[in-house]
Number of protein chains: 2
Amino acid sequence: MGNLAIIADDHIQFRPHQYLAREADRPEFVYRIEEGWACRFRLLNDGRRQITALFLPGDYCEPQWVLGHRPAQPIVALTNVRASCIPCASIGNRPFDQQRRLWSALAHALDRQSDWLVTLGRRTALERIAHLLCEIFERLSRSGLTYGQQCAMPLTQMDMADLTGLTPVHVNRTLQSMRSAALIELQSRWLRIPDLSALRQAACLAPA
Amino acid sequence: MGNLAIIADDHIQFRPHQYLAREADRPEFVYRIEEGWACRFRLLNDGRRQITALFLPGDYCEPQWVLGHRPAQPIVALTNVRASCIPCASIGNRPFDQQRRLWSALAHALDRQSDWLVTLGRRTALERIAHLLCEIFERLSRSGLTYGQQCAMPLTQMDMADLTGLTPVHVNRTLQSMRSAALIELQSRWLRIPDLSALRQAACLAPA
DNA sequence: CGAATCGTTGAGCGAGGTCAAGAAAAGTGG
DNA sequence: CCACTTTTCTTGACCTCGCTCAACGATTCG
């Protein structure tokens, strides 16, 4: 709230920890993330937290809002975020193609979530983190945001814990063991994956 | 395949363990489940299995198929299933209202999955099973398929394990402890919930 | 009635959690 | 640029929830 800056008619910016949407809001806009990372999450009453979606540049947040659906879970910026705004109300008048792109994005979000259900239900700590890093790298890659074998990694180990259903302490230990197995290089918010297919295999993911 | 019986132009039946859809199929129809239970799942190469969605009477399976999306995970009948068929091709010509109902169903599926991510990532065994039983009861209730405090429960303990990310053995032990805590009565494929709000609380769910 | 499938129980173990403390980075303000 | 604070990362010791393995009843079904 408060100090969010609208920098143009159809663009908006958020700082880390600012909410893009709160539970039970009725959002006016669907956002298309242009820059920065955000996440959807839920907090249980005793403080346990689980992140249920990661929004990266190019993602829509969230297509179902055009139907008048209210967010079931809050969405918060993890970094500085710049997004373009698609007014929910106008959707009927929009080109068929844009509508279709929105529903298609919704379907992909569902598929990604199904994959995460498998990970949280059945994968080990190392497999979970490998899955996370593969997914981030490959999604960024599709948006041209990787540089050779490297990409940005603004997540803290606590964020990773809340994504993978682990504790920060165990994320730390698991990252160490992945480093010493040469699966990843990770330092100062920057990730390098020397062998992506090896990491996919460690994640128990099907070969690309 | 083989012995699936089309009982009318726009209805279809499946027996337990028959596939409603396989990975990489291009489905001709979206199904609306009229009777019976089905699930979507994924199998890892070493046999670990996770169920990622449960389809109950009244559910659409799966709305995104009208976009030409292929199933990322197979869908299989858990009981005898009767479903009506909505041809994917015809969707453009259908009443706006039916299209909207389909996207709305997709959005609800996404919300349910987000809730399950929280459960698999952060809840204990007892909370997971309590969540599962609450969700089933409440969804059946909305379709008028509950009888007082009771409803059908065709899932085996192994199905429950694959839904909750636990082992069948631990599901068994957890169910025992829920029985002795008087949270549930469960026998011969039939569930009774003496106090739904107590069960919701045990599941760490927000009060209805 | 025989064969699967499903449910139940016990004993032992291990992956990941908890608690706690200190080191290293990263902001913040002067 | 430098103190100072806060956040993040790292490590150790210990513990527990849920898993594994195995055997045996109980149901269900052909």
Side-chain angles (χ1 to χ4, degrees), chain A residues 15-17 37 44 46-50 76-80 119-132 152-181 184-191 202 204, chain B residues 3 15-17 37 44 46-50 76-80 119-133 152-181 184-191 202 204:
Chain A
R15 338 206 85 248
H17 305 118
W37 297 24
L44 300 183
D46 59 357
R48 283 175 287 178
R49 183 176 120 120
Q50 178 67 39
V76 74
L78 292 166
T79 66
N80 285 319
T119 291
L120 294 183
R122 294 302 186 195
R123 285 195 238 257
T124 65
L126 193 145
E127 290 165 349
R128 293 180 197 201
I129 294 182
H131 180 186
L132 177 65
M153 234 331 284
L155 300 178
T156 66
Q157 292 183 3
M158 187 162 163
D159 294 330
M160 293 189 223
D162 290 339
L163 277 155
T164 55
L166 301 167
T167 54
V169 172
H170 200 63
V171 167
N172 184 288
R173 292 193 227 270
T174 306
L175 285 174
Q176 311 267 356
S177 86
M178 293 174 76
R179 280 191 263 248
S180 58
I184 57 168
E185 290 164 38
L186 178 58
Q187 53 190 302
S188 50
R189 319 274 109 142
W190 205 253
L191 170 67
C204 227
Chain B
N3 52 347
R15 338 207 84 246
H17 306 119
W37 296 25
L44 300 183
D46 59 357
R48 284 175 286 178
R49 182 176 123 122
Q50 178 66 42
V76 73
L78 292 166
T79 67
N80 285 318
T119 291
L120 294 183
R122 293 302 185 196
R123 285 197 238 256
T124 66
L126 194 145
E127 289 164 350
R128 293 180 197 202
I129 295 181
H131 179 185
L132 177 65
L133 299 180
M153 216 6 259
L155 299 177
T156 66
Q157 292 184 359
M158 186 163 165
D159 294 331
M160 293 190 222
D162 289 339
L163 278 156
T164 54
L166 301 167
T167 53
V169 171
H170 200 63
V171 167
N172 184 290
R173 292 193 227 270
T174 306
L175 285 174
Q176 310 268 354
S177 87
M178 293 174 74
R179 282 191 262 248
S180 58
I184 57 167
E185 291 163 36
L186 178 57
Q187 53 190 305
S188 48
R189 321 272 108 142
W190 205 251
L191 170 66
C204 228

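No hydrogens, no waters, no symmetry mates; every other heavy atom, side chains included, goes into these values. Quantities reported herein were computed from a predicted structural model and do not represent experimental measurements. Throughout, a chain's letter reflects where its sequence line sits, starting with A, and its residues are numbered from 1.
- For C/dT8, one of the phosphate oxygens OP1 or OP2 lies less than 4.0 angstrom from a side-chain nitrogen or oxygen of B/R179.
- The CZ-P distance, from B/R128 to D/dC17, rounds to 14 Å in whole Å.
- Straight-line distance from the CE atom of A/M178 to the P atom of C/dG16: 13 Å, rounded to whole Å.
- Each of A/V171 and A/R189 has a nearest nucleotide on DNA chain C; the 5'-most of these lies closest to A/V171.
- The CD-P distance, from B/Q157 to D/dA26, rounds to 15 Å in whole Å.
- Checking A/T164, A/L78, A/L132, A/V171 one by one against A/D159, the side-chain contact (heavy atoms from CB on, under 4.5 Å) holds for a single residue, A/L78.
- One can place CG of B/L155 at 17 Å from C1' of D/dT27, the figure rounded to the nearest angstrom.
- Looking at every heavy atom in both residues, A/R49 comes nearest to B/R122 through O-NE, 2.7 Å.
- Of the possible polar contacts, one joining the A/Q50 side chain to the A/D162 backbone as a donor-acceptor pair under 3.5 Å is found.
- Distances shorter than 4.0 Å separate some side-chain N or O of A/Q176 from OP1 or OP2 on D/dT11.
- Protein atom CG of A/D46 is 14 Å distant from nucleotide atom C1' of C/dT18, rounded to whole Å.
- Separating the CG atom of B/D159 from the P atom of C/dG7 is a distance of 8 Å, rounded to the nearest angstrom.
- The side chain of B/H170 lies closest to D/dG18 when the candidates are D/dT10, D/dG18, C/dG17.
- For B/L78 and C/dT5, the CG to P distance is 16 Å, given to the nearest whole Å.
- Judged by distance alone with a 3.5 Å cut-off, a donor-acceptor contact links the side chain of A/R173 to the base of C/dT18.
- With the end axes of the helix from C/dC1-D/dG30 to C/dG30-D/dC1 each set by five pairs, the angle from one to the other reads 70° at 10° resolution.
- Taken to the nearest 0.5 Å, the NE2 atom of B/H131 stands 4.5 Å off from the OG1 atom of B/T119.
- In this structure, the nucleotide among C/dG10, C/dG7, C/dG16 sitting nearest to the side chain of A/L166 is C/dG16.
- The side chain of B/N172 contributes no N or O atom lying less than 4.0 Å from OP1 or OP2 of C/dG7.
- Nucleic acid contact for B/T174: none, since no nucleic acid atom lies under 4.0 Å from a heavy atom of the residue.
- Taking only side-chain nitrogens and oxygens, B/Q187 never comes nearer than 4.0 Å to OP1 or OP2 of C/dG7.
- Between D/dT8, C/dG10, D/dT11, one nucleotide has an atom nearer to the side chain of B/V169 than all others, and that is C/dG10.
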